[in-house]
Amino acid sequence: MNSSRMITVINGPNLSLLGQREPAHYGNTTQSELIKKIEQKASATGVSIDFFQSDIEGELVQAISRASGSSIGIVINPAAYSHYSIAILDALSAFNGPVVEVHISQVLSREFFRSDLITARAADAFIAGAGITGYLDAIDIVCDMAGENSS
Ligand code: DQA
C-alpha cells in the first residue's frame, strides 16, 4: 500500500448500526456495505482507504492524529460529536491536509441542536443529506484538494 495515496475515513458513534438505525434518516446500507462501496470507489480512483469507526471520542481524536503523516486527507462523519466536540475540532485543525465532513442526513433540516456544527469549522468541505453517496463524493473532493486527481 502506498501511504502517500491513502485516505483515512472515520465514522463516529452509532454509525456501526447503519442499516438498522433510523432508516428514514440513514437509509438501509449497513456499515460493512458502506466500507465495500468506499473501497470500490477508492480503487477506481487509485487511492487506498484506512477505515476506522468508534463510539469513543478519544479514539476518534487518536485516529485523526494517526492520519497525520500517513494519509493525504480525511473523510469524517463525527456523528453526534459533530455538534459539540472541541477535542475533535482541535484534532482536525492540527491535521495538515484536506478534511471533508460528511453527514448522511440533512442535519440542517432536523432538530435545532444538529445545526450546531462544531467540528465542521475545521473541514475544508461539508456534505450533508446526500446519503452514503456523500462519502464517495468526499473521496473525489479529498483527491482534488490534495492534487491527487489526474482529471
Ligand atoms: C449524522 C447526523 C448527526 O446529527 C447524528 O448524531 C448522527 C449521524 C449523519 O450522518 O447524518 O449520528 O452525523
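As a basis for the values below, the full set of heavy atoms in this structure was taken, side chains included, without hydrogen atoms, waters or symmetry mates. Atoms within each ligand, like the ligands themselves, are counted from 1 in listed order.
Taking the six-membered ring where the residue is Trp, His83 and Phe113 present perpendicular rings, their angle passing 60° and hence far from 30°.
The hydrophobic cluster containing Phe95, built from Ile/Leu/Val/Met/Phe/Trp/Tyr side-chain heavy atoms closer than 4.5 Å, also comprises Ile10, Phe52, Leu60, Val61, Ile64, Ile74, Ile76, Tyr81, Tyr84, Ile88, Leu92, Val99.
The pair Asp140-Lys41 meets the salt-bridge criterion, since a charged nitrogen lies less than 4.0 angstrom from a carboxylate oxygen.
For Glu59, the side chain to side chain donor-acceptor pair (under 3.5 Å) partners at least two apart in sequence or on another chain are Ser54.
Applying the side-chain hydrogen bond (donor to acceptor under 3.5 Å, both in side chains) test to residues at least two apart or on different chains, the pairs with a partner in residues 116-127 are Glu101-Thr119.
Checked by atom type, the side-chain pair Glu57/Ser85 shows a donor-acceptor distance below 3.5 Å.
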Which N/O atoms of ligand 1 sit under 3.5 Å from a protein N/O, and at what distances?
unit_1, atom_1, unit_2, atom_2, d
ligand 1, 4 (O), His83, NE2, 2.7
ligand 1, 4 (O), Arg114, NH1, 2.8
ligand 1, 6 (O), Ala80, N, 3.2
ligand 1, 6 (O), Arg114, NH1, 3.1
ligand 1, 10 (O), Asn77, ND2, 2.8
ligand 1, 10 (O), Ile104, N, 2.8
ligand 1, 11 (O), Ile104, N, 3.3
ligand 1, 11 (O), Ser105, N, 2.8
ligand 1, 11 (O), Ser105, OG, 2.6
ligand 1, 12 (O), Arg21, NH1, 3.1
ligand 1, 12 (O), Arg21, NH2, 2.9
ligand 1, 13 (O), Asn77, OD1, 2.9
ligand 1, 13 (O), His103, ND1, 2.8

